[in-house]
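Heads up, the thing below is written out as structure tokens.
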Protein chains: 2
Amino acid sequence: MTAHPESDTPAKPARERSTRQFQAVRDELARSGDFRSAQDIHAALRASGATVGLATVYRALQSLVDSGAADILRTAGGEAVYRECGDTHHHHLVCRSCGRAVEVQGPAVERWADDVADRHGFTDVSHTVELFGVCGQCQRQQQ
Amino acid sequence: MTAHPESDTPAKPARERSTRQFQAVRDELARSGDFRSAQDIHAALRASGATVGLATVYRALQSLVDSGAADILRTAGGEAVYRECGDTHHHHLVCRSCGRAVEVQGPAVERWADDVADRHGFTDVSHTVELFGVCGQCQRQQQ
DNA sequence: GTCACTGCAAACATTTTGCATGCTA
DNA sequence: TAGCATGCAAAATGTTTGCAGTGAC
């Protein structure tokens, strides 16, 4: 649990050659716009005919996160999920049963987060807000 | 990522015997009041002379989470961390640098979450809200 | 032609599970 | 005494890394 401050600015080339595989990962992530696990992306690419190694997917995603082009988040199951980090910041309402995700905007939450952080003297604040529930359709099926 | 609906209400005994090991885990968790990883707790118990297996620590923590006595959270590193959870539902503002966590209450967020879920026809809603930032102390050290 | 990127597989870390034994009620 | 909880070790899962080969520039 010891997060280290980035004391150095390593001369990290951060990807200098653009390759088919890297593009494929980036595209796949952008296509859905939703949170996707590395394994998921890897499977999708394989299914669509692209030949990409799992390690490469991880490396590409890592690279995207490093460069700020993607967001990373951990699911309750311990999987890392990635999302293209566009300009619009939003959250998700995910159905526990069918997995469908609804995109939600929460100006109220944004404001609250900033306010709380400020009050405690924290800066450079980011936040994670995810809602889980059962959607109407699944409720009916379960009843 | 396919969450299955709990079609049954398994007669989960949820711990019927109180044992020294279980108490030890609960106590250790309560002692610090902060987020602790299973491995961390295991090491601490071993260090203090208690003989507790790692699997037992995991089982005890799982049990505490199931019964609502503990909160579980994933670190950026993918480790699961646990914290004693009182009756009050609250969130955390965690320092990215030193790991210190501040407990925050967010009635505004609770209301917003319920509202959003309701508007989309979702029921049985839970939510995850975590704030990350750099605390004042760490800011000064880094400058 | 060089060297970064890729792919495979092995290594790793964390968490879960199977099974024989111990201990609580 | 009966049966849940424990402990060990093996398995499972998700992710990272080493290294030789390939392809972009």
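In what follows, chains are A, B, ... by sequence order, proteins preceding strands, each numbered from 1. Any value given below was found using the heavy atoms of this structure, including those in side chains, with hydrogens, waters and symmetry copies removed.
One N or O donor and one acceptor, one from the side chain of Arg59(B) and one from the base of dG7(D), sit under 3.5 Å apart.
Taking atom CZ of Arg36(A) as the reference point, atom P of dT15(D) lies 14 Å away to the nearest angstrom. When the C1' atom of dT6(C) is taken as reference, atom CZ of Arg26(A) falls 18 Å away, rounded to whole Å. Look at CZ on Arg20(A): it is 9 Å from P on dT6(C), rounded to the nearest Å. Rounded to an integer number of Å, the gap from Leu54(B) CG to dG18(C) P is 17 Å. One interatomic measurement links the two molecules: CG of Asp40(B) to P of dT14(C), which rounds to 11 Å at whole-angstrom precision. Regarding Arg46(A), its CZ atom lies at a distance of 14 Å from the P atom of dT6(C), rounded to whole Å. One interatomic measurement links the two molecules: CZ of Arg74(B) to P of dT13(D), which rounds to 15 Å at whole-angstrom precision. Rounded to an integer number of Å, the gap from NE2 of His42(A) to P of dA9(C) is 12 Å.
Listed here is the closest heavy atom pair of Thr51(B) and Gln21(B): O-CG, 4.0 Å.
Between Thr19(B) and the phosphate of dA5(D), there is no side-chain N or O to OP1/OP2 separation shorter than 4.0 Å. Distances shorter than 4.0 Å separate some side-chain N or O of Gln21(A) from OP1 or OP2 on dG7(C). For Tyr58(A) and dT15(D), the shortest distance from a side-chain N or O to OP1 or OP2 is below 4.0 Å. Neither OP1 nor OP2 of dA13(C) sits under 4.0 Å from any side-chain N or O of Gln39(B).
We find that Glu79(A) and Arg74(A) are not joined by a salt bridge, their nearest charged nitrogen and carboxylate oxygen being 4.0 Å or further apart. The pair Arg111(B)-Asp115(B) does not meet the salt-bridge criterion, since no charged nitrogen lies less than 4.0 angstrom from a carboxylate oxygen.
For the 3.5 Å distance criterion, the side chains of His42(B) and Glu28(B) fail to qualify, holding no donor opposite an acceptor. Using a 3.5 Å distance cut-off with no hydrogens or angles, the side chains of Gln39(A) and Tyr58(A) do pair a donor with an acceptor.
For Ala55(B), taking side-chain heavy atoms from C-beta onward, the closest of the listed nucleotides dT6(C), dT15(D), dA9(D) is dA9(D). Nearest to the side-chain atoms of Ala38(B) among the listed nucleotides dT15(C), dG14(D), dT6(D) stands dT15(C). The side chain of Val52(A) lies closest to dG7(C), out of dT6(C), dG7(C), dT15(C).
In this structure, Ser37(B) reaches neither bases nor backbone, as no heavy-atom distance under 4.0 Å exists between it and the strands shown. Using a 4.0 Å heavy-atom cutoff across all strands shown, Gln62(A) reaches sugar-phosphate atoms only and no base atom.
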